[in-house]
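Have a look at the structure below before the remarks.
Counting convention: from 1, in listed order, for ligands and their atoms alike.
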Amino acid sequence: MRHGRVYFMGDSAKVVSPFGARGGNTGIADADNLAWKLTAVLKGRAAPALLDSYNEERHEAAQQNVMVTNRTARFLRPGSPVEKTFRTAALGLARQHAFARQFVNTGRMAVANPYTRSSACERSGGQSVQNVAFQWADGTPGRVNDLLRWADGRLLVLVFGATSPAALQRLGGLAETAPVRAVQVLGPTEPAGALEHVRDPKGHLQGACHVFGHAWALVRPDSYVAATGESVDASLVHAVGHALGAALQEDEE
Ligand SMILES: Cc1cc2nc3c(=O)[nH]c(=O)nc-3n(C[C@H](O)[C@H](O)[C@H](O)COP(=O)(O)OP(=O)(O)OC[C@H]3O[C@@H](n4cnc5c(N)ncnc54)[C@H](O)[C@@H]3O)c2cc1C
């Protein structure tokens with residue numbers, strides 16, 4: 001989806017069957033993926049090599065979406081006698097048996113495709129974060145999208161639960177030297193440390209996505225998780241560099 005300085009997105013990059021609302025939705029996801037990377041590179045916050053991850057991530061998504069929508073199209077208009085037999089059997093069974101209704105494929109709705117082979121996401125990352133609710137430190141309600149706006153194009157580090165003063169100091173230092181904003185996500189009674197913090201009285205943030213069982217999550221401006229980790233140490237610093245294309249550049253050299 002990248003040819004030199006030309007990037008393809010939306011229907012110019014791929015065309016999917018119009019079942020499951022995947023064409024327009026994934027076109028917007030393409031733009032969401034590329035926009036923050038271009039901005040970061042143009043502002044000198046990320047290495048140009050980060051732009052290669054656009055194709056890695058969105059080409060994988062395009063392949064998934066073409067496969068899923070093609071399956072629906074072939075269920076609706078079988079392409080072979082075998083597919084027609086399968087459809088007839090599925091429809092017949094579905095009238096009487098609930099288990100067979102999952103085989104009636106009139107469209108699988110668009111999803112935030114996971115990235116499993118991106119060189120800008122660590123193995124622990126690549127999933128989209130849901131726009132779940134929390135409370136700002138002053139008690140006003142907020143959502144993850146508000147946090148991303150607050151991060152203003154930088155990476156967002158979510159640190160979960162009580163954290164040692166040394167780790168908080170390290171995070172403060174990281175936020176001064178890298179394009180990162182860090183926020184501590186606390187339960188209703190946990191004491192706040194020397195860092196911006198939000199309250200999570202209903203376990204929304206921890207429960208929203210399985211990655212939030214970890215000590216920290218590094219979230220990108222397109223609301224994908226770049227990496228998660230078990231402690232605030234050098235692994236976080238490495239993950240920040242990786243998410244900004246630094247490791248990609250080193251690999252190329
Ligand atoms: C029947 C149907 C139902 C659909 N339903 C859904 C749905 O429910 N949900 C969903 O998410 N998606 C749906 N889609 C898919 C969705 O409409 C497309 O994926 C989406 O519109 C693609 O957007 P795009 O901006 O990439 O391309 P386009 O919408 O095709 O925009 C390209 C634009 O470029 C212009 N253009 C072309 N050549 C030039 C040129 N040389 N110079 C200047 N301008 C040019 C065109 O006029 C056009 O305005 C559906 C598609 C169909 C056909």
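- Evaluation of the salt bridge (charged side-chain N to carboxylate O under 4.0 Å, His left out) rule for D222 yields R220 as partners, not counting sequence neighbours.
- With sequence neighbours left out, the side chain to side chain contact (heavy atoms under 4.5 Å, CB included) criterion links P78 to E83, K84, R87.
- Of the residues V237, V240, L171, the one that meets the side chain to side chain contact (heavy atoms under 4.5 Å, CB included) test with V180 is V240.
- Residues in residues 11-30 take part in these salt bridge (charged side-chain N to carboxylate O under 4.0 Å, His left out) pairs, two or more places apart or across chains: K14-D30, D30-R58.
- Between D146 and R149, at least one side-chain nitrogen of the basic residue sits less than 4.0 Å from a carboxylate oxygen of the acidic one, meeting the salt-bridge criterion.
- The residues lining ligand 1, counting any heavy atom closer than 4.0 Å, are G10, D11, P18, A21, G23, G24, N25.
- No donor-acceptor pair closer than 3.5 Å links the side chain of S118 to the backbone N or O of Y115.
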